[in-house]
Amino acid sequence: MSIQIQDSLRRRKAPFRPLVPGQVSLYVCGPTVYDDCHIGHLMGPVIFDAIARWFRSRGYLVRFVNNITDIDDKIIQRALKSGEPWLAITQRYTAQYFEFLKKLHVVTITDHPRCTEYIDEMIAFVEELIAADRAYKTSDGVYYDIQRQEHYGKLSGRKLDEMLSGVRVERSEELRHPADFALWKLAKPGEPTWESPWGAGRPGWHLECSVMSSSLLGQAFDIHGGGDDLKFPHHENEIAQSEALGHSYAQCWMHNGLIQYGGVKIAKSDPRMKDPEFARQFQAAWLLDTYGAPTIRFFLLQGHYRSPVDFKPENLQAARAGLARLLKQLGALAEEADETNAEEVFARTLPLPLAERRAAYCEALDDDFSTGRALGHVFALLNDAKKLAGKEQHEALRLVRDLGRLLGLFLPGDAAQIADDEAHHGELFEQVMSFVLTLRQEARARKDFALSDRIRDGLAALDIHVEDKAGSSTWRVGS
RNA sequence: GGUGGCAUAGCCAAGCGGUAAGGCGACGGAUUGCAAAUCCGUUAUUCCCCGGUUCAAAUCCGGGUGCCACCUCCA
């Protein structure tokens with residue numbers, strides 16, 4: 001059974017056939033590092049990390065390239081506005097991005113090329129395009145001539161004449177077609193520059209992905225991924241440039257759905273984002289802090305990668321509750337070091353019902369990486385496990401854990417992160433709580449339940465919830 | 001206006017021709033001094049609407065309606 005992938009370009013599902021047997025070359029567009037990371041920037045990496053993990057589980061060697069756009073108009077604007085050197089800005093936000101990837105257990109990315117490391121290659125690429133008569137100079141840069149492209153628009157499904165009818169004001173009259181895009185932008189005073197045959201300037205946005213992917217993966221590679229919003233114009237233009245030079249480029253395109261709130265896409269330009277309280281909900285730092293990185297990863301994998309994901313609080317809370325229940329059942333198993341070996345997990349001899357769950361799980365992932373369906377089977381397996389006992393139950397729970405781990409879930413430390421972060425409460429708070437609970441324990445010992453209930457209710461009103469266990473009590477903040 | 005996509009229980013979400021996975025929540029029971037947690041059980045005769053094809057449709061076809069995305073920077 002081979003892995004099936006829904007290809008955005010051909011608009012159909014087809015068996016994955018690698019260019020090199022046993023290997024996968026994957027390129028996923030990364031962030032422009034000019035501001036705090038928001039959850040949309042992390043969705044792609046998490047999803048494609050799960051996909052890469054599944055390829056590995058199926059025995060493939062995966063090379064996974066995720067670029068960093070570290071020169072761009074927005075970075076320059078930010079630098080001019082704040083007075084901070086652009087390099088300091090990009091370095092800070094790149095480091096932040098890497099930190100979030102680590103917290104989210106994104107471990108499969110093998111290369112993080114930075115745009116500014118490939119300027120020479122980009123200049124050479126543009127020279128080739130000019131030599132092939134696919135690009136031309138204007139007073140402010142070099143542009144790609146889309147009308148020379150035979151199938152321009154094949155990815156996003158649009159036609160050149162249709163695009164002309166769209167109102168595109170303020171495009172230079174020097175352009176041969178309003179949708180022609182910049183390959184090289186000549187610098188204005190005060191902007192960072194690189195020397196080129198056309199004058200000092202910087203590369204256009206679309207160029208970097210064509211250049212870096214071919215440099216690292218070759219002129220033909222297996223899969224190109226990215227957010228659905230990049231289909232047009234970004235990916236369309238990548239295809240145009242690369243095919244103009246005879247590259248066969250990506251054999252298959254995968255696009256992930258976008259972040260929504262209340263059914264509407266969330267993006268930086270959204271008017272709702274002007275409200276800082278609202279905007280905060282999509283900042284990676286806040287989300288990871290509030291729900292825990294494992295919840296965010298789990299939540300993203302509960303849906304299908306091509307569908308939009310709604311980050312409203314109810315949904316995140318539901319995900320956290322489900323994951324918390326599962327981790328609680330796994331207990332110590334979830335804290336054991338991760339030594340999961342896919343081959344061993346697949347080969348394990350199991351009672352028939354468990355083996356069937358495992359097969360269903362694999363089938364779901366082989367079918368266009370249906371992580372949500374796969375996780376449904378994991379929960380069903382958990383319910384099966386509860387009906388078993390002793391060694392059999394342990395084996396079933398171990399399978400739950402290991403199937404999850406193939407996707408980067410249920411790892412050591414996860415449970416602690418989604419339980420409320422004790423670091424936020426502080427040591428003093430811990431001591432106070434311990435004291436209060438001791439008093440309550442004493443009241444209970446002498447059957448003064450009126451008092452013990454008063455303490456518990458009073459704490460509950462502060463959103464601190466006490467739970468009695470045999471001989472001791474525990475507490476937690478929030479639902 | 002053009003181009004894609006989606007409509008399944010209170011919410012999220014799978015299924016894509018053979019008689020509705022799973023999660024959250026809710027409800028009932030066990031347990032508990034009472035709770036919480038845990039365990040057991042219940043929770044869509046039906047898949048936006050109307051036609052059609054078929055022995056059989058949530059799944060296919062035609063026509064509606066509603067929502068979303070892209071066409072401008074966006075992961």
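Each chain gets a letter, A, B and so on, in the order its sequence line appears, and its residues count up from 1.
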State which of B:C24, B:G22, B:A75 makes the closest approach to the side chain of A:Leu258.
->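 Between B:C24, B:G22, B:A75, the one nearest the side chain of A:Leu258 would be B:A75.
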[atom1] spacing across the pair [N] / [M], given as an integer number of angstrom:
{"N": "B:C68", "M": "B:G22", "atom1": "C1'", "result": "25 Å"}
{"N": "B:G62", "M": "B:C71", "atom1": "P", "result": "28 Å"}
{"N": "B:C50", "M": "B:G15", "atom1": "P", "result": "25 Å"}
{"N": "B:C61", "M": "B:A57", "atom1": "C1'", "result": "11 Å"}
{"N": "B:C12", "M": "B:C47", "atom1": "C1'", "result": "16 Å"}
{"N": "B:A75", "M": "B:U65", "atom1": "P", "result": "36 Å"}
{"N": "B:A58", "M": "B:C49", "atom1": "P", "result": "11 Å"}
{"N": "B:C73", "M": "B:U38", "atom1": "P", "result": "50 Å"}

A:Tyr118: partners by side chain to side chain donor-acceptor pair (under 3.5 Å), with sequence neighbours left out =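 Not a single residue meets the side chain to side chain donor-acceptor pair (under 3.5 Å) criterion with A:Tyr118.
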For [X], answer base if it contacts any base atom (sugar-phosphate contacts may also be present), sugar-phosphate if it contacts only those atoms, and nothing otherwise; contact means non-hydrogen atoms under 4.0 Å.
{"X": "A:Ala267", "answer": "base"}
{"X": "A:Lys74", "answer": "sugar-phosphate"}
{"X": "A:Gly227", "answer": "sugar-phosphate"}
{"X": "A:Gly322", "answer": "sugar-phosphate"}
{"X": "A:Ile266", "answer": "base"}
{"X": "A:Ile259", "answer": "base"}

Would you say the side chains of [X] and [Y] form a donor-acceptor pair under 3.5 Å?
{"X": "A:Tyr305", "Y": "A:Asp368", "answer": "yes"}
{"X": "A:Gln149", "Y": "A:Tyr144", "answer": "yes"}
{"X": "A:Asn237", "Y": "A:Tyr152", "answer": "yes"}

Looking at CE of A:Met254 and CG of A:Asp228, how far apart are the two atoms once the value is rounded to the nearest 0.5 Å?
->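 Between A:Met254 CE and A:Asp228 CG, I get 12.5 Å after rounding to 0.5 Å.
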Calculate, to the nearest 0.5 Å, the distance between atoms CG and CG belonging to A:Leu403 and A:Leu354 respectively.
->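 A:Leu403 CG to A:Leu354 CG: 10.0 Å, rounded to 0.5 Å.
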Annotated protein contacts, base or backbone, on nucleotides 2-20 of chain B with a non-hydrogen cut-off under 4.0 Å, one of B, S, - each | BS-------SS-SS-----
Sugar-phosphate or base contact per nucleotide [nucleotides 27-39 of chain B; S, B, -; heavy atom under 4.0 Å] | ------BBBBSSS
Quick one: is B:G23 close enough that its OP1 or OP2 comes under 4.0 Å of any side-chain N or O from A:Asn383?
->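 Yes, within the criterion.
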What class does the angle between the rings of A:His255 and A:His235 fall in, given that below 30° is parallel, 30 to 60° is tilted and above 60° is perpendicular?
->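 Ring orientation, 0 to 90° scale: tilted.
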Can you measure [X] atom [atom1] to [N] atom [atom2] for me and round it to whole angstrom units?
{"X": "A:Leu42", "N": "B:A75", "atom1": "CG", "atom2": "C1'", "value": "9 Å"}
{"X": "A:Asp73", "N": "B:C73", "atom1": "CG", "atom2": "P", "value": "10 Å"}
{"X": "A:Met254", "N": "B:A75", "atom1": "CE", "atom2": "P", "value": "19 Å"}
{"X": "A:Leu155", "N": "B:A69", "atom1": "CG", "atom2": "P", "value": "19 Å"}
{"X": "A:Asp270", "N": "B:C70", "atom1": "CG", "atom2": "C1'", "value": "15 Å"}
{"X": "A:Asn256", "N": "B:C70", "atom1": "CG", "atom2": "P", "value": "13 Å"}
{"X": "A:Phe298", "N": "B:C24", "atom1": "CZ", "atom2": "C1'", "value": "10 Å"}
{"X": "A:Phe379", "N": "B:G22", "atom1": "CZ", "atom2": "C1'", "value": "8 Å"}

Would you indicate whether A:Gln147, at its atom CD, is surrounded by more than 12 heavy atoms from other residues, nucleotides or ligands within a distance under 6.0 Å?
->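 Count over threshold, so yes.
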Should the heavy atoms of other residues, nucleotides or ligands under 6.0 Å from NZ of A:Lys13 be counted, would the total exceed 12?
->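 Yes, NZ of A:Lys13 has more than 12 neighbouring heavy atoms, counting only those of other groups under 6.0 Å.
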Of A:Leu375 and A:Gly257, whose closest RNA chain B nucleotide lies nearer the 5' terminus?
->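 Nearest-nucleotide comparison on RNA chain B picks A:Leu375.
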Using both pair distances under 3.5 Å as the test, note the stems of at least 3 consecutive Watson-Crick or G-U pairs that include RNA chain B.
->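 Detected stem regions: B:1-7 with B:65-71, B:10-12 with B:22-24, B:25-30 with B:38-43, B:48-52 with B:60-64.
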Output every pair passing side chain to side chain donor-acceptor pair (under 3.5 Å) with a member in residues 376-388 of chain A, not counting sequence neighbours, ordered by first then second residue.
->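 For residues 376-388 of chain A: A:Arg357-A:Asp384.
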Could you walk me through whether A:Arg158 and A:Ser156 pass side chain to side chain donor-acceptor pair (under 3.5 Å), step by step?
-> CA-CA 6 Å; A:Arg158 48 197 99 227; A:Ser156 52; 3.0 Å; yes
Validation: residues 449-462 of chain A side-chain donor-acceptor distances under 3.5 Å, sequence neighbours left out:
unit_1	atom_1	unit_2	atom_2	d
A:Ser452	OG	A:Phe449	O	3.2

Under the 3.5 angstrom rule, does the side chain of A:Thr371 hit a backbone N or O of A:Leu301 as a donor-acceptor pair?
->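 Answer holds: yes.
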Charged N-O contact under 4.0 Å between A:Asp270 and A:Lys265 =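 So A:Asp270 does not pair with A:Lys265 through a salt bridge.
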